[in-house]
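Heads up: the structure comes next, in structure tokens.
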Amino acid sequence: MDILNIDITVPLRSFALELALPLGTETVALVGPSGAGKSTVLRAIAGLARPSRGAITHAGETWFSSERGINLAPEDRSVGLVFQEYALFPHMSVRRNIAYGGTNRVDELLERLHLGALADARPGQLSGGERQRVALARALARDPRVLLLDEPLTALDAHTKASVRAELRELLREIQLPTLLVTHDFEDAAVLAQQVGVIVDGSLVQIDTPAALVAAPANPFVASLTGANLVEGNARAHGDLTEVILDEGTTVYSTDSGTGRVGIVIYPWEITVSAGKPDDSSLNHVTGTITSLVTIDNRVRVQVGPLTAETSLGSAERLRLKEGGQVVASFKATATRLLPLLQPPR
Amino acid sequence: MDILNIDITVPLRSFALELALPLGTETVALVGPSGAGKSTVLRAIAGLARPSRGAITHAGETWFSSERGINLAPEDRSVGLVFQEYALFPHMSVRRNIAYGGTNRVDELLERLHLGALADARPGQLSGGERQRVALARALARDPRVLLLDEPLTALDAHTKASVRAELRELLREIQLPTLLVTHDFEDAAVLAQQVGVIVDGSLVQIDTPAALVAAPANPFVASLTGANLVEGNARAHGDLTEVILDEGTTVYSTDSGTGRVGIVIYPWEITVSAGKPDDSSLNHVTGTITSLVTIDNRVRVQVGPLTAETSLGSAERLRLKEGGQVVASFKATATRLLPLLQPPR
Amino acid sequence: MTRRPLFPFSLLVATVISGAFLLLPLIAIFTRIPLSTLVDQLGNQVVLDALIVSVKTTLIAQALILLFGTPTAYLIATRQFRGRSLAITLIELPLVLPPAVAGIGLFAAFGRSGLLGSTLRVFGLELPFTQTAVVLAVAFVASPLYVRQAIASFEAVDQSLVDASRTLGASPARTFARIALPLAVGGLAAGAALAFARGLGEFGATIMFAGSFQGVTQTLPLAIYAEFENRFEVALAIGGLLVVISALLLVALKIRLPWTSSTSTSLFLSARSRSS
Amino acid sequence: MTRRPLFPFSLLVATVISGAFLLLPLIAIFTRIPLSTLVDQLGNQVVLDALIVSVKTTLIAQALILLFGTPTAYLIATRQFRGRSLAITLIELPLVLPPAVAGIGLFAAFGRSGLLGSTLRVFGLELPFTQTAVVLAVAFVASPLYVRQAIASFEAVDQSLVDASRTLGASPARTFARIALPLAVGGLAAGAALAFARGLGEFGATIMFAGSFQGVTQTLPLAIYAEFENRFEVALAIGGLLVVISALLLVALKIRLPWTSSTSTSLFLSARSRSS
Amino acid sequence: PRRTSAQIRVLAAASLTNVFPQIDSTQKYSFAGSDALAAQIRLGAPADVFASANTSIPNALYAQGFVEKPVVFTTNKLVLVVPTSNPAGIKTVFDLRQKGIKLLVGTPTVPIGIYTRTILKNLALTSVLSNVVSQETDVRQMLTKVALNEADAAFVYITDAKTVDDKVNVIRLPAWAQPPIRYGIAVLKSTQNRADAVAFINKVLAKAGQAKLRAAGFGAVKNGVTTYAGG
Ligand SMILES: Nc1ncnc2c1ncn2[C@@H]1O[C@H](COP(=O)(O)OP(=O)(O)OP(=O)(O)O)[C@@H](O)[C@H]1O
Ligand SMILES: Nc1ncnc2c1ncn2[C@@H]1O[C@H](COP(=O)(O)OP(=O)(O)OP(=O)(O)O)[C@@H](O)[C@H]1O
Ligand SMILES: [Mg+2]
Ligand SMILES: [Mg+2]
């Protein structure tokens, strides 16, 4: 059941943000390039930016309606907004920051977010992760009916990010509120949200589960966000398959249909690297020298021509991969997704 | 052969930075928690922070020496420093920004870093990746003999980061300069640097190749940085092995030796998840319910009790893993590294 | 190698020259005042009267400047409107008026036959030659200095903190009182110090609009003028007293509230960006 | 619901009151001046002479203020030293001096029997009653306003840009000229506008230290005083002229350099990041 | 029967600063330049009595209907003052003819300036005006500058000169050359306390008042009135 209904147009500097999004008690992540309008969505819902058209309703109550001339002030909408840089009040202690939103649940929230020991500290004395928790506690102290999180993890160190993310995931699951979460990072979106909406230049280009986005990226931005290789070429029908001549010369086949200029999307983990043409069902083979070889965790990323392949540390050692060596990168026609190139990829 | 020799003490607010580091024509990454003193190292080399003790010499030339009372001004040391937020001059065009460092190679650098089309733009009009390239070009225009990069990738969007990182890797390889690169992110360090130095509270706690850091993290911070599970327990000898009773009750075994309070480091990809006790060589088994299940790329991260395990999407589907289900997480005694707990882990 | 220190050296030279130029006259005045004369002034009835008038009117003027100038500055700082830059210029304009002309302007506006004269008379108010007139004269010449600085300080308050306050359920009034005001307080105090200094030294507009009635409108600067007729040293001594009092008050105003030191840099920085 | 608009309403009320208070006297002056008298003044030799003296001395004073005040402000803004806050207070102190006392201070420092009198005489310099004296008097009363604002503007320049300049091989002097100065220019211009306005209206210290001699030391404010007795309207008209000229100059100063608007965001961002 | 009198506001020329309170200490005085006081009166300042250092200002105000008919209540004399150190070695007014003297005079627009020019004309010394370094509007400013030894000489009223006679030497000027310097006093048309204002003026005109003025260096009015008629 949808609790929050958003259907708005917000004019921005060089384009307009247009968004229609119904939201139940789930977490929807908004991802997209810088300047796409993600923060603007949150600001419009919170009442900090005024749409030129449309309506925002929450459980039957109208927060904004251009037709009926309604525009509730931010303090009259029950939203908890966590700002990207947290926007903690520097002149107040942690406790007073939280109490600013509402005094009823301060102690409960201090405890729940493990802030008890820090209650009297000033924000300037806190680490990034602690600040993030204070910002969250403050937003929750208001007893909001909608939670809006603007890049809550961006300001964190890489080594604290994972644990804060896990805590946040727990919390979001517990509080059961309609939640919109803006992030630059697909991994964050995948961990925290049930649905991921992709906003590019003010438009929602795709919204789906994280897995579905990976399985079928609707546009080049989504593809590169999810970590895919993106190369370009010219497509034409070839029996049941589509034949694509890559710009660099190689011909590959895809089970997707398409003609003319297309983008080809292949995920690194769907590319096998071998010394010669392998004896498997892969239809596509790109031969080239290894230009780079990087170990990350227990995996090795191998750059072969325009493609990045990913292989396990074990097989990389077995194949004695090394930079400058000649290898074949193979991938199936089913793993070769085609995208129309409406706009030049960024 | 070492070109840049650093051996300095810089007093900071709550501790002193102490560093001795010889550097050849290679890239060394400095990683560490926020406030550890990483930027201070770069600032000291560039002449922007004054060490209280020690010396910095470059190919026989002394840049700083507390003994000999030498302290060259920043403009007299030949370093190219790329600032975290790039510090581009907002009132100058891209071309004039680059020419500020030196006018000889401006056109060559514009071309080499694909900035030709942007030569007349102001920094305010550039995307993060473009700014990063301008900052790099400006630093190189000075014909520096040492390159210092302070978190060059942090300000970038997740979806542009990978490609910018790859470009930077190419560039660093080409220019063959002693390079120090500060980052929060172990993956960036692994991709860009031959050696990774870990600085905690002003001290270099470990310096080694990325793979060696993963294989033998010297302290809890390094372990969590490289993505390991870190749990605590009490160890005592048990024949050839060490027996560790985890705080949560389970007993595990390690081939490392140790007694008393220890940290136990296990990488997610070294933990296998199965429905019952597996029939393999794993000595350690932790039974628990799945509290979280997240798909990232083609891998699934499974949280079982205190441990995060990583498994392939295929096997997760095969095992029909779902949240709340009972599973056994198994890992070998050789994959169970022990760390002394000198300081409480952060 | 010899050329390098030229720049810091010339900075230092310029600073020494500026400092000497600004301080020498102050120091020189004190060399002319016998210390005993200075101390004696505290027992001089004219001086005591003038001191009381000065302190009273300057404090009231300061209160009015804060009371009306602060909301004015907040409005101008937080609203975008056409002619905003013109509005700021108009606020600066009173500074340019020679003091006597300012006094005439006050007369022409608030005097008996001034623009508002008949309106004020309806309320039984006659302002010229009253202590109220001193207050108005001081407020008129001093408030531009405060308002201008206050605008800059409010502009410097991080907008996201204001937004955060609103989304946390605080009304604009509460946001102003609990967020904008405490965060701008350092800059406001600096502006108030400038205005206070200017107000305490105010002479020309006061003598014109308020006259120089001992015990009523004769402030310290007016008493100095009156004493020139009498005893030259006494006049100078009162001047010295004024400088000492002001210096003490300015230093006292500089003692910032505890948290402002940590935020002062950021206030400054963000101030620039918006103003430029 | 009826209580909500109270706050914006009271802001508006306060602003209207402040605005009216500051502008009414200005407007009232103009209502007293027959337009023809105002225009006629441009043909009055006394006024023309005074205008030339005013413009000349104010411009020279302004040039000196910029020349010495800018490095002074840069030094104070970029160096941390003990007593820094005291130094800023000392710079503000001349504002508090009643004009006649300021004039006496200038005599006591730079007059022929002043502290530096004999030194200056060695160089054949006798300052009182010369155009140089006007320049010094104007500089003395106006420079605190500029220097104070300039300190704030230089403090606001992102330190990392200054550091970047140095690591790119630029000397401190080049860094100042190419980076700090262009980036602070908006704030410097605002400070210069304040100082300029104050200097143009300066009366008390000038008439004391420089006297009033038509064509040499008689500035517009001094001409206004000379005309009070005879022709009140003429005096007012000169005042009106002064206001119009200053308003035009202030508005002209507000026209900012082209890039400053585009840099605002990036400055803002880097500013924030430093503060957090 | 005497009614209780209200305090009145007296706007008086700065040179009267010391003497008026001696004549009547119960009133409220504001002392400033006569021209500034005139400006205040023209602008409708709420006051009762105006005492000017000349007669032309009160006469002009009378003609414009701001004050009642003024009467002369005292006179003054011009003197030359030089610093006690007297660096230019001025002994008599004729020494002003030396080149390079720093001489201060009032501007031709204020009474002191007019009187100074008259006396110089009478003495056939108008050439000394080439030594003028500043034309001042305020007698006290001139005195201050001479007292500070920053100017070599200035023409001022004898009454002002007396107040700083420890800092300046007073050089008297020939009586025959003195222009008539008469002080006018009048009741403001707008006064609410005409009776008290008239009473104050009468006090100034009365014997005791005149004695105080003479003690301060002012001159007696020949054939002067002793009661104020106004009108
Ligand atoms: N008040 C405004 N009026 C007009 N345009 C604006 C306004 N505020 C921001 N913009 C523009 O709207 C666009 C969207 O801004 P927004 O902050 O929503 O982007 P975002 O997706 O959150 O970006 P980021 O990831 O960098 O935070 C940007 O191009 C910005 O320049
Ligand atoms: N000028 C200074 N004097 C004394 N202490 C300083 C100074 N500048 C920074 N510090 C302190 O030194 C420590 C190290 O700062 P530094 O900027 O080198 O850290 P960092 O490792 O680069 O952190 P981050 O990852 O957040 O950039 C911090 O605790 C900081 O507070
Ligand atoms: Mg955003
Ligand atoms: Mg750093």
Side-chain angles (χ1 to χ4, degrees), chain D residues 25 28-29 31-32 46 49-50 99-101 103-115 117-118 120-121 126-131 133-134 203-219 221-236 239, chain E residues 13 32-44 52-54 56-58 60-61 64 66 83-88 100-114 129-138 140-152 154 167:
Chain D
I29 287 175
T31 64
R32 297 265 167 157
V46 173
D49 280 350
V101 178
I104 292 174
L106 288 169
F107 268 135
F110 307 112
R112 68 178 174 189
S113 45
L115 288 182
S118 47
L120 288 168
R121 205 164 26 245
E126 265 207 1
L127 299 180
F129 307 119
T130 62
Q131 224 165 47
V134 181
F203 169 76
T206 309
I207 196 161
M208 179 62 84
F209 186 50
S212 172
F213 200 92
Q214 188 186 336
V216 182
T217 60
Q218 189 176 64
T219 59
L222 301 190
I224 293 174
Y225 270 75
E227 292 294 336
F228 259 161
E229 165 76 2
N230 266 4
R231 294 167 299 169
F232 190 59
E233 270 82 21
V234 171
L236 276 193
Chain E
S34 301
D35 50 347
L37 297 173
Q40 291 173 328
I41 290 167
R42 287 198 177 89
L43 289 161
S52 173
N54 62 6
S56 59
I57 294 179
L61 290 175
Q64 291 158 2
F66 289 106
T84 42
S85 60
N86 198 1
I101 283 180
K102 291 187 191 302
L103 175 64
L104 305 179
V105 299
T107 91
T109 58
V110 299
I112 185 71
I114 297 167
L129 286 175
S130 63
N131 277 333
V132 168
V133 292
S134 176
Q135 307 205 340
E136 308 263 331
T137 52
D138 190 327
R140 281 181 226 187
Q141 293 253 354
M142 290 194 266
L143 270 172
T144 302
K145 292 172 200 186
V146 173
L148 286 171
N149 190 29
E150 296 294 345
D152 295 325
K167 291 260 184 331

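Note that the coordinates shown come from a computational prediction; the quantities given were computed from them, not determined experimentally. Every chain is numbered from 1, with letters handed out A, B, ... down the list of sequences.
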Review point. Which residues satisfy the side-chain hydrogen bond (donor to acceptor under 3.5 Å, both in side chains) test with D:T219, sequence neighbours excluded?
Key: none

Check your understanding: Of the listed residues (D:T217, D:I207, D:V216), which shares the most heavy-atom pairs with chain E below a 4.5 Å separation?
Key -> D:I207

Check your understanding: Which heavy atom of E:D35 sits nearest a heavy atom of D:Y225, and at what distance?
Key -> OD2-O, 4.1 Å

**Study point:** Nearest non-hydrogen partners of D:G211 and E:S134, listed with the distance
**Key:** CA-OG, 3.0 Å

**Study point:** E:T144 portion near chain D, given a 4.5 angstrom heavy-atom threshold
**Key:** side chain

Review point. With only heavy atoms counted, which part of E:A60 is less than 4.5 Å from chain D, the side chain, the backbone, both or neither?
Key: neither

Review point. In terms of heavy-atom pairs under 4.5 Å with chain D, which of E:T107, E:T137, E:N149 leads?
Key: E:N149

Practice item. Kindly indicate, with the supporting measurements, whether the criterion side-chain contact (heavy atoms from CB on, under 4.5 Å) is fulfilled by D:F213 and E:V133. Key: CA-CA 7 Å; D:F213 200 92; E:V133 292; 5.8 Å; no

Check your understanding: Does the D:S113 side chain pair with the main chain of E:L148, one donor and one acceptor, at a distance under 3.5 Å?
Key -> yes

Point to revise | Test side-chain contact (heavy atoms from CB on, under 4.5 Å) applied to E:K145 and D:M208, step by step | key: CA-CA 8 Å; E:K145 292 172 200 186; D:M208 179 62 84; 3.8 Å; yes

Exercise for review: Find the distance between CD (D:E126) and NZ (E:K102) and round it off to the nearest 0.5 Å.
Suggested key: 4.0 Å

Check your understanding: So, do D:R112 and E:D152 sit near enough that their side-chain heavy atoms are less than 4.5 Å apart?
Key -> yes

Point to revise | Contacts of E:E150 that satisfy salt bridge (Lys or Arg N to Asp or Glu O under 4.0 Å) - sequence neighbours left out | key: none

